[in-house]
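Working notes, beginning with the structure itself.
Lettering follows sequence order; numbering is per chain, from 1. All values reported here derive from a predicted model rather than from experimental measurement.
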Amino acid sequence: MSTPHRFPDREEIAAVRAEAETLEPQATGAEHALAGRVMGRRDMGKLVFLDLVDRSGKIQLLAQPDELGGLDVDLGDVVGVRGQATKTKRGEPSLAVSELQLLAKIKRPLPDTYHGVVDAETRYRKRYLDLLVNEETRRDFLVRSELVAAIRRFLDARGFVEVETPILQPRYGGALAEPFVTHSNELDADLYLRIADELYLKRLIVGGLERVYEISKDFRNESISYKHQPEFTMLEWYEAYADYEDAMTLIEELLRVVTKEATGSAAVTFRGQEIDFEPAWKRMSLIGALEAEGVWTRDANDLRKGLQEREIDTGADETWAQLVDHALSHLVEPKLIQPTILFDYPVELSPLARLKEGEEGIVERFEYFAGGMELGNAYSELNDPDEQAARFAEMGAEDPDYVEALSYGMPPTAGLGLGIDRLSMLLTGRDTIRDVILFPTLRPTE
RNA sequence: GGGCCGUUAGCUCAGCUGGUAGAGCAGGGGACUCUUAAUCCCAAGGUCGCAGGUUCGAUCCCUGCACGGCCCA
């Protein structure tokens with residue numbers, strides 16, 4: 001049996017429901033067309049109640065099979081209906097159906113509409129079922145979409161231009177991470193999936209675009225956890241003629257605005273705690289934070305001893321910088337529940353950041369945290385090509401093409417990264433990053 | 001990579017320190033003109049993740065594997 005190829009002139013269920021709300025019981029209102037999925041059916045003989053769901057909401061349908069020439073509708077069918085807004089004797093806003101068209105037939109039984117789909121593996125592998133029967137899932141992914149839209153509005157309104165830079169890169173950089181490697185047959189060359197956008201975006205600053213941003217999928221061939229996925233989404237922006245203090249101000253404002261636009265409130269609940277994005281956030285220096293934990297020292301051996309005393313396994317840490325990073329992530333980060341900026345990092349951890357005037361070995365860099373997670377990283381960009389080349393050399397790396405770009409002169413610039421997935425976790429109150437990524441990476445079956 | 005836990009009907013879950021499995025919802029048939037997790041009646045639905053082992057006998061005990069979850073690295 002052929003079904004219609006289109007169903008024109010439908011309205012959103014939420015709008016029609018709102019109209020029906022205003023009616024007196026058993027009164028009827030205007031004629032409307034609605035379409036969606038049948039998620040409930042209550043047969044009363046000559047009268048049948050259906051629940052119709054679309055993206056905007058749910059409404060009850062009142063159908064009389066005798067007047068419709070039968071009602072061959074199963075749970076899960078996609079239908080289009082026409083009828084009048086009404087309210088039942090019991091006061092339920094409804095649509096009295098005068099015409100019903102089957103638009104798509106369900107061929108398998110719908111999962112339990114009361115319990116939803118609970119099994120984590122099913123929810124991730126068959127996200128369509130999760131979205132279909134779990135209203136919260138639908139809602140949370142719409143929050144994520146609204147979040148990204150709000151970020152674009154915010155930056156567009158401030159003169160940033162959205163750009164696209166390569167995902168396939170001959171040389172990866174901009175972060176310390178293991179890349180995915182692929183191969184171009186035509187070029188007969190290995191290419192890397194980007195781990196960050198940074199070095200390309202800064203080339204655009206050299207090129208005079210002044211304020212750029214990219215919302216990108218980045219890829220890191222590393223561990224998977226509640227806050228890590230191999231494929232994740234990051235915002236990076238670069239603003240010429242600004243420094244990291246300007247970036248602090250801007251990210252505070254951005255998070256306040258977009259949180260409000262995506263959720264209706266600048267405060268969210270995550271892991272049982274309210275997190276409030278209203279400025280001003282707490283700010284403390286990284287060194288101060290480590291001192292407060294009693295583990296700040298420039299000496300690697302002392303630092304290692306301090307961490308081991310706190311029963312932190314430092315076996316995998318080779319350098320002082322790695323030990324500092326370990327101390328930060330284990331002792332400090334979990335305590336940063338309210339939005340907090342940690343600023344002024346040792347240069348050893350920050351090869352792309354600009355040195356702070358008058359402070360030995362410190363760069364103008366900050367990371368910001370909320371809910372016990374790092375949300376992002378920012379700094380005044382190092383724009384001296386010779387110093388950049390020397391920093392690369394210290395790491396045992398090089399990127400002559402990038403250094404050459406800097407040698408044409410990059411204005412003083414502030415750059416910032418923001419983890420969209422983690423922010424989405426905070427805004428939706430989800431405990432795991434898999435719950436805010438539509439199709440998270442899982443081990444293949446078979 | 002390591003430790004612990006899980007995997008039973010399409011979905012959500014029971015299953016007694018071993019005797020070849022049950023319920024609700026969905027799906028099928030029927031009753032009902034105000035239900036909303038509708039209700040009621042009938043019938044049906046299973047490679048108990050996979051492969052071995054122990055045993056007269058394994059969903060249950062043991063081993064390995066697969067996938068997932070939590071924690072650790």
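- No side-chain donor-acceptor contact under 3.5 Å links A:Asp344 to the backbone of A:Ile287.
- Rounded to whole Å, the C1' atom of B:C4 lies 46 Å from the corresponding atom of B:C42.
- For the pair A:Asn134 CG and B:C11 P, the computed distance is 13 Å after rounding to whole Å.
- The nucleotide whose nearest atom lies closest to any side-chain atom of A:Thr432 is, among B:C70, B:G68, B:A73, B:C70.
- Along RNA chain B, the nucleotide closest to A:Val73 and the one closest to A:His115 are compared, and the more 5′ of them pairs with A:His115.
- The same atom, C1', is picked in B:G28 and in B:C67; the two are 33 Å apart, to the nearest Å.
- Nucleotides B:C56 and B:G18 have their P atoms positioned 16 Å apart, rounded to a whole Å.
- Across every strand in view, B:G1 sits in a pair with B:C72 that passes the Watson-Crick or G-U test at under 3.5 angstrom.
- Look at the P atom in both B:G46 and B:G53: the space between them is 27 Å, to the nearest Å.
- Here A:Arg108 lies out of heavy-atom contact (under 4.0 Å) with every strand.
- Annotation: B:C71 and B:C11 have their C1' atoms spaced 29 Å apart (nearest Å).
- Look at the P atom in both B:G64 and B:C70: the space between them is 24 Å, to the nearest Å.
- Across all strands, A:Gly116 comes closer than 4.0 Å only to sugar-phosphate atoms, never to a base (heavy-atom distances).
- Distance noted for atom P between B:A9 and B:G24: 16 Å (whole Å).
- A straight line from CG of A:Asp431 to P of B:C71 spans 9 Å, rounded to a whole angstrom.
- Between A:Glu309 and A:Lys305 there is no salt bridge, since none of the side-chain N atoms of the basic residue sits less than 4.0 Å from a carboxylate O of the acidic one.
- Geometrically, A:Arg256 does not engage A:Phe277 in a cation-pi contact defined by less than 6.0 Å to the ring centre and at most 45° from the axis.
- Taking the ring centre of A:Phe270 as origin, the terminal cationic atom of A:Arg422 falls outside the region bounded by 6.0 Å and 45° from the ring axis.
- Closest to the side chain of A:Gln64, out of B:U33, B:C34, B:U12, is B:U33.
- In summary, A:Lys46 and A:Asp66 do not engage in a salt bridge, as defined by a charged side-chain N under 4.0 Å from a carboxylate O.
- A:Asp74 pairs in a side-chain hydrogen bond (donor to acceptor under 3.5 Å, both in side chains) with only one of the listed residues (A:Arg41, A:Lys105, A:Lys107), which is A:Lys105.
- Between A:Arg391 and A:Glu348 there is no salt bridge, since none of the side-chain N atoms of the basic residue sits less than 4.0 Å from a carboxylate O of the acidic one.
- A:Leu442 comes within 4.0 angstrom of the backbone, heavy atoms only, and of no base.
- Separating the NZ atom of A:Lys227 from the C1' atom of B:C70 is a distance of 16 Å, rounded to the nearest angstrom.
- You'll find that the side chain of A:Arg443 is closest to B:C67, out of B:U36, B:U33, B:C67.
- Closest to the side chain of A:Gln26, from the set B:C34, B:A73, B:C67, is B:C34.
- At a threshold of 4.0 angstrom between heavy atoms, the contacts of A:Tyr124 are confined to the sugar-phosphate backbone, with no base atom among them.
- With rounding to whole Å, A:Asp313 atom CG is found 15 Å from B:G3 atom C1'.
- Between A:Arg42 and A:Asp51, at least one side-chain nitrogen of the basic residue sits less than 4.0 Å from a carboxylate oxygen of the acidic one, meeting the salt-bridge criterion.
- Using a cut-off of 4.0 Å between Lys/Arg side-chain N and Asp/Glu carboxylate O, A:Glu19 and A:Arg17 are scored as not salt-bridged.
- As a whole-Å value, the separation of A:Arg123 CZ from B:U12 P is 10 Å.
- If you check B:A37, B:G27, B:G68 against the side chain of A:Arg125, the one that comes closest is B:G68.
- Using a 4.0 Å heavy-atom distance criterion, A:His326 is classed as making no nucleic acid contact.
- Here B:G22 sits opposite B:C13 as a Watson-Crick or G-U wobble pair (both hydrogen-bonding atom distances under 3.5 Å).
- Side-chain atoms of A:Asp119 lie closest to B:U12 of the nucleotides B:U12, B:U36, B:U33.
- Summarising the geometry, the separation between CD1 on A:Ile13 and P on B:U36 is reported as 20 Å, rounded to the nearest angstrom.
- The base of B:G27 lies outside donor-acceptor range of the side chain of A:Asp74, with no N or O pair under 3.5 Å.
- Following rounding to the nearest Å, A:Leu50 (CG) and B:C34 (C1') show an atom-to-atom distance of 14 Å.
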Under 3.5 Å, which N/O atoms of the protein pair with N/O atoms of nucleotides 38-45 of chain B?
| from | atom 1 | to | atom 2 | distance (Å) |
| --- | --- | --- | --- | --- |
| B:A38 | OP2 | A:Arg42 | NH1 | 3.4 |
| B:A38 | N6 | A:Asp43 | O | 2.5 |

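- A:Arg434 comes within 4.0 angstrom of sugar-phosphate atoms only, judged by non-hydrogen atoms across all strands, and of no base.
- Remark: B:G6 base-pairs with B:C67; criterion is Watson-Crick or G-U wobble with both hydrogen-bond distances under 3.5 Å.
- B:U36: glycosidic angle beyond 90° from 0, hence anti.
- Applying the Watson-Crick and G-U wobble criteria (two distances, each under 3.5 Å), B:G27 pairs with nothing in any strand.
- For the pair A:Arg220 and A:Phe180, the cation-pi test (distance below 6.0 Å, angle within 45°) is failed.
- Look at the P atom in both B:C60 and B:U17: the space between them is 15 Å, to the nearest Å.
- Counting to the nearest Å, the C1' atom of B:U36 and the NZ atom of A:Lys58 are 8 Å from each other.
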